[in-house]
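Structure, as structure tokens:
From a predicted model like this one, the values you see are computed outputs, not experimental measurements. In each ligand, atom 1 is the first atom listed, and ligand 1 is the first ligand listed.
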Amino acid sequence: MMALKRPTHRLIDRLPAVRGQLVEAAPLDRLTRFRVGGPAEVMFQPADCEDLQSFLAAKPADVALTVVGLGSNVLVRDGGVPGVVIRLGRAFARIALDGALVRAGAAALDLNVARMAAEGGLQGLEFLSGIPGSIGGALRMNAGAYGREIKDIVVQADAVTPSGHLVALSADELGLSYRHSVVAEDWVFTAALLSGSPGDPVVIAARMAEIQSTREESQPIGGRTGGSTFANPTDAAARGRKAWQLIDAAGCRGMRLGGALVSEQHCNFLINEGAATAADLEALGEEVRRRVYETSGVRLSWEIRIVGVPRAQAVGGPR
Ligand SMILES: Cc1cc2nc3c(=O)[nH]c(=O)nc-3n(C[C@H](O)[C@H](O)[C@H](O)COP(=O)(O)OP(=O)(O)OC[C@H]3O[C@@H](n4cnc5c(N)ncnc54)[C@H](O)[C@@H]3O)c2cc1C
């Protein structure tokens with residue numbers, strides 16, 4: 001990764017005027033589930049879609065863009081994130097039902113989308129109730145659980161390109177596969193059209209309650225964590241074993257580094273016990289990868305998105 005040069009002038013002064021909010025050195029630790037990491041050089045919260053489009057159309061081309069949703073799958077490094085971090089707010093959180101379709105803004109919580117569908121007697125979206133993210137993050141990650149994923153329910157997604165164009169993408173164009181979309185990382189999802197099918201609200205509610213209790217038993221859902229750290233491997237050396245099985249077999253359950261812990265409850269989860277730095281969490285994850293490779297020959301890939309720069313290259317200089 002390129003070292004961040006000490007800026008000769010402030011980024012915020014080079015950015016176009018907006019109706020929403022531009023905040024310099026905006027803390028990101030409180031916006032991610034891990035509760036670690038340095039600030040955004042500038043954080044942009046657009047007032048609405050037009051504000052986002054005109055900002056992107058007018059911003060200097062060399063300014064890096066990073067999008068964060070609810071921060072449930074992101075590890076922000078201790079030096080923060082250079083460039084502009086975009087976070088969609090309330091203007092993008094609307095949810096509306098139209099027959100068997102649900103139109104949801106990218107900032108809508110997955111849980112609220114599942115609840116709205118359930119209240120409208122739509123089944124097939126229950127799995128979203130167990131995923132603690134937003135629809136934007138769910139599109140990017142093709143979020144899924146209990147045998148279903150966004151790919152199964154998405155009809156269309158709206159996105160704004162880095163040059164400010166609003167485009168409608170079909171399900172095919174999203175190119176969704178296991179925890180992945182082919183859409184470029186600097187495109188910002190703004191909304192999705194999801195489909196369900198008519199069902200009995202009582203049965204749907206019972207399914208959602210079951211999902212909730214299964215999660216509480218099997219995952220440290222209340223902890224400072226980013227969910228599954230590594231994707232389940234597909235290479236032959238894994239012989240069908242899931243990431244957690246390989247981690248367990250490598251003896252990593254309960255392993256600690258600084259304030260970071262490999263969860264005892266679900267060993268594919270990393271936990272910030274309170275005083276962890278992003279560097280602790282990343283180094284612990286890398287140690288898990290090393291041990292898994294040593295014991296099984298499988299190279300685990302991070303599912304968690306790691307963004308930003310280490311403390312030595314901190315945004316605005318070392319702190
Ligand atoms: C306790 C726990 C349990 C979890 N269980 C599951 C599970 O069962 N299944 C599962 O799939 N995941 C799970 N996750 C991971 C996570 O919740 C999902 O990946 C979720 O979809 C991320 O959404 P987010 O809004 O938090 O995105 P973030 O974590 O903020 O971002 C994730 C990625 O999405 C991108 N992104 C976010 N919003 C947008 C947008 N509007 N436009 C473009 N890109 C965007 C970011 O740039 C980043 O690359 C779990 C996490 C936790 C903490």
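For ligand 1, the atoms lying closer than 4.0 Å to a non-hydrogen atom of V188 are 42 (N). For ligand 1, the atoms sitting less than 4.0 Å from at least one non-hydrogen atom of M141 are 19 (O), 33 (C), numbered in the order shown with element in parentheses. Residue-ligand proximity, G227 to ligand 1, at heavy-atom distances under 4.0 Å covers atoms 2 (C), 50 (C), 51 (C), 52 (C), 53 (C). Of all the atoms in ligand 1, the ones that sit under 4.0 Å from a non-hydrogen atom of G144 are 7 (C), 8 (O), 9 (N), 10 (C), 11 (O). The contact set between ligand 1 and A138, taken as ligand atoms under 4.0 Å from a residue heavy atom, comprises 21 (O). Within the listing of ligand 1, atoms 11 (O), 21 (O) sit less than 4.0 angstrom from a heavy atom of A143. Residue A145 has at least one heavy-atom neighbour below 4.0 Å for each of these atoms of ligand 1: 8 (O). Within ligand 1, the atoms closer than 4.0 Å to a non-hydrogen atom of V74 are 28 (P), 29 (O), 30 (O), 31 (O), 32 (C), numbered from 1 in the order shown.
Scanning the protein for heavy atoms near atom 24 (P) of ligand 1, the closest one is L70 N, 3.5 Å. Of the protein's non-hydrogen atoms, F189 N, 2.8 Å is the one closest to atom 42 (N) of ligand 1. With respect to atom 48 (C) of ligand 1, the closest heavy atom belonging to the protein is R305 CG, 4.0 Å. Annotation: atom 22 (C) of ligand 1 to nearest protein heavy atom, S72 OG, 3.4 Å. Scanning the protein for heavy atoms near atom 6 (C) of ligand 1, the closest one is R215 NH1, 4.0 Å. Nearest non-hydrogen protein atom to atom 34 (O) of ligand 1 is R140 CG, 3.2 Å. In terms of protein heavy-atom proximity, atom 15 (C) of ligand 1 is closest to N73 OD1, 3.4 Å. Considering only non-hydrogen protein atoms, atom 14 (N) of ligand 1 sits nearest to P132 CD, 4.3 Å.
Checked against a 3.5 angstrom limit, the closest N/O atoms of A106 and ligand 1 fall outside it. Considering backbone and side-chain atoms alike, G69 places an N or O below 3.5 Å from some N or O of ligand 1. The shortest N or O to N or O distance between V67 and ligand 1 is below 3.5 Å. Between E303 and ligand 1, not a single N/O pair is under 3.5 Å apart. Residue F269 has no N or O atom closer than 3.5 Å to an N or O atom of ligand 1. In terms of polar-atom proximity, defined here as any N/O pair under 3.5 Å, G226 makes no such contact with ligand 1. When only interatomic distances are considered, the shortest N/O to N/O separation between S228 and ligand 1 does not fall below 3.5 Å. Between S134 and ligand 1, a contact under 3.5 Å exists for at least one N or O pair.
Residues L56 and I86 have side chains in contact (heavy-atom distance under 4.5 Å, counting atoms from C-beta outward). In this structure the side chain of E210 never reaches within 4.5 angstrom of the side chain of E126, judged on heavy atoms. Between R241 and S296, the closest side-chain pair of non-hydrogen atoms falls below 4.5 Å. Inter-residue side-chain proximity for V315 and P82 is flagged as met; some heavy-atom pair is nearer than 4.5 Å. A heavy-atom distance below 4.5 Å is not found between the side chains of F44 and L65. The closest side-chain heavy-atom distance from V63 to R14 is below 4.5 Å.
Nearest heavy-atom pair across T225 and F34 is CA-CE2, 3.6 Å. Listed here is the closest heavy atom pair of G254 and L261: O-CD1, 3.6 Å.
Contact annotation: for I131 versus ligand 1, heavy atoms closer than 4.0 Å belong to the side chain alone. With a heavy-atom cut-off of 4.0 Å, Q219 touches ligand 1 through its side chain alone.
Summarising the geometry, atom CG belonging to L194 is positioned 12.0 Å from atom CE belonging to M116; distances are rounded to the nearest 0.5 Å. How far CE of M43 is from OG1 of T66: 11.0 Å, rounded to the nearest 0.5 Å. Going from atom CD1 of I131 over to atom OH of Y146 covers 9.0 Å, rounded to the nearest 0.5 Å.
Between the side chain of R87 and the backbone N or O of G69, at least one donor-acceptor pair lies under 3.5 Å. Although no hydrogens or angles enter the test, the distance criterion places no donor-acceptor pair under 3.5 Å between the side chain of R94 and the main chain of A104.
Among A108, A184, G137, the residue whose heavy atom lies closest to atom 23 (O) of ligand 1 is G137.
The ring-ring contact (aromatic ring centres under 6.0 Å, His included) analysis of residues 83-106, with sequence neighbours excluded, yields no pairs. The salt bridge (Lys or Arg N to Asp or Glu O under 4.0 Å) pairs that include a residue from residues 151-169 are R103-D158, where partners are two or more places apart or lie in different chains.
Other residues, nucleotides and ligands place more than 12 heavy atoms under 6.0 Å from the CZ atom of R290.
Look at F92 and you'll find every heavy atom at least 4.0 Å from all atoms of ligand 1. For the pair E149 and ligand 1, no heavy-atom separation below 4.0 Å is found.
No option in E217, Q219, Q212 other than Q219 meets the side chain to side chain donor-acceptor pair (under 3.5 Å) test with R215.
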